[in-house]
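When a ligand or atom number is given, it counts from 1 through the structure's own listing order. For the single chain, residues carry numbers from 1 onward in sequence order. It should be emphasised that the depicted structure is a prediction, and the values quoted were computed from it without experimental measurement.
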Amino acid sequence: MKKCPVSEICGACTMQGISYAKQLEIKQEKVDKLFGKLGKVEKITGADDPLHYRNKSQISFGYDEKRNVIAGNYVESTHILVPIDECQLVDSETNRIFRTVISLVRKYRISIFDENRMTGTLRHVLVRNNHDSSEIMVVLVTGGIRFNNKERFINDLVKKHPNVTAVVQNINSRRTSMILGSRNINLYGKGYITDELCGCSFKISAGSFYQINHAQTEKLYRKAIKLAGIGKKDSVLDTYCGIGTIGIIAGGSAGSVTGVELNRQAVKDAVSNAKYNKVSNISFVAEDAGRYMDGCREKYDVVIMDPPRNGSDYRFLASLAKMKPGRIVYISCNPDTQYRDVKYLLKRGYAIKHIQPFDMFPYTDHIENIVLMAKTEK
Ligand code: SAH
């Protein structure tokens with residue numbers, strides 16, 4: 001990585017200046033330290049290319065002291081905006097699109113949203129691309145519905161970047177550090193992009209979760225599915241399933257799959273993704289995963305769980321321990337909370353069979369980790 005001019009203030013790449021080999025060593029050590037006393041930690045699976053991997057990124061808008069429009073990243077937990085010209089974690093086309101968007105905001109004098117007064121238009125712009133950038137979505141996050149000159153703005157944008165296949169306006173009128181609000185309006189295209197992953201195709205909407213490192217996700221999913229040891233008679237529960245990726249990819253080898261996910265838009269995407277990929281033995285439930293588990297009468301052979309950073313909750317884990325599936329595959333983007341949850345299951349009739357970290361987020365200190373657990377009692 002060439003030295004990034006804003007690395008010290010931006011703060012997103014916490015591992016700037018450290019060789020990639022050393023980054024992997026640091027991450028391996030962290031997981032060894034946590035899980036080493038519970039079992040053997042396999043070697044971390046690193047990235048072939050540790051740069052330009054992010055398929056989703058966003059910039060926020062503000063004014064400098066002369067009221068010129070500026071755009072970039074907020075320094076964590078502050079209101080300081082660091083202008084970014086070229087981020088090395090995203091691909092070059094995404095960087096070019098951000099530059100075009102900033103110039104169009106200036107050209108059409110789009111006002112910037114002021115969170116204190118709750119006035120103005122534009123707050124953030126989010127760009128999502130598929131693995132070869134043949135489909136790109138631009139999400140314009142605004143404080144209200146009003147967006148002057150939006151037709152001309154979009155015309156200019158798609159003319160300059162024909163691979164932008166979807167433009168969505170997202171309305172976020174709350175006083176919040178969350179980027180997206182709940183309402184999306186399609187301004188151009190179908191409101192989603194599609195990406196190929198492990199031989200399947202996935203529809204991704206503006207607000208749905210999708211893993212941000214395509215090459216590493218293929219390695220992670222293949223390993224998780226292999227570890228799950230799914231057979232033709234097995235019923236599989238894919239919890240925290242997002243747009244249904246893991247369950248749909250695994251669907252061909254399973255008897256049946258159920259996906260559970262809280263975000264309704266993601267579940268809608270999951271249902272149409274299953275149809276699109278002709279996977280007919282899968283169904284989805286839009287519900288809190290713990291609540292679903294609590295009320296569940298079904299016995300699953302395999303449970304895959306992939307919760308957000310804060311891990312799973314007591315309700316989920318207690319019901320899981322009662323359900324007693326033969327195998328649990330726990331994928332986590334936060335090994336600390338995963339360790340806490342795994343310890344709980346270790347006391348309730350499970351043993352660890354495999355631990356393997358993956359580097360999904362080079363140049364940052366985030367670590368992804370898979371733990372396979374198997375039931376010890378008959
Ligand atoms: N397995 C998917 C998504 C993992 S991210 C993938 O690999 O793409 C975690 C997902 O959990 C998100 O889609 C989020 O919307 C969902 N989620 C968060 N809290 C939840 C809850 N309490 N119950 C069910 N799903 C939840």
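- On a distance-only criterion, Ala289 and ligand 1 share at least one N/O pair closer than 3.5 Å.
- Ring geometry for Phe147 versus Phe153: interplanar angle over 60°, hence perpendicular rather than tilted (30 to 60°).
- Regarding atom 21 (C) of ligand 1, its nearest protein heavy-atom neighbour is Asp288 OD1, 3.6 Å.
- For atom 13 (O) of ligand 1, the closest heavy atom belonging to the protein is Glu261 OE1, 2.8 Å.
- Aromatic ring orientation, Tyr300 versus Tyr292: tilted (interplanar angle from 30° to 60°).
- Donor-acceptor pairing under 3.5 Å is lacking for the side chains of Asn184 and Ser205.
- Ser111 and Thr121 are linked by a side-chain donor-acceptor pair at a separation below 3.5 angstrom, with hydrogens and angles left out of the test.
- Residue contacts with ligand 1: Gln211 is placed with a nitrogen or oxygen under 3.5 Å of a nitrogen or oxygen of the ligand (distance criterion only).
- Ligand 1 lies within reach of Pro308, whose nearest heavy atom is under 4.0 Å from it.
- Residues Tyr192 and Asp269 have side chains that never bring a donor and an acceptor to within less than 3.5 angstrom of each other.
- For Asn277 (side chain) and Val279 (main-chain N/O), no donor-acceptor pair under 3.5 Å exists by modelled atom type.
- Side chains of Ser332 and Tyr339: no donor on one and acceptor on the other come within 3.5 Å.
- Nearest protein heavy-atom neighbour of atom 4 (C) of ligand 1: Asp306 OD2, 3.3 Å.
- Among all protein heavy atoms, the one lying closest to atom 25 (N) of ligand 1 is Leu262 N, 3.2 Å.
- At a 4.0 Å heavy-atom cut-off, ligand 1 does not touch Ala266 at all.
- Nearest to atom 3 (C) of ligand 1 by heavy atom, out of Tyr210, Tyr221, Phe202, Tyr240, is Tyr240.
- A side-chain N or O of Thr94 and one of Asp91 form a donor-acceptor pair less than 3.5 Å apart.
- Close approach of ligand 1 to Glu287 is summarised as follows: ligand atoms under 4.0 Å from at least one heavy atom of the residue are 23 (N), 24 (C).
- The Thr245 neighbourhood of ligand 1 comprises atoms 6 (C), 7 (O), 8 (O), with distances under 4.0 Å to a heavy atom of that residue.
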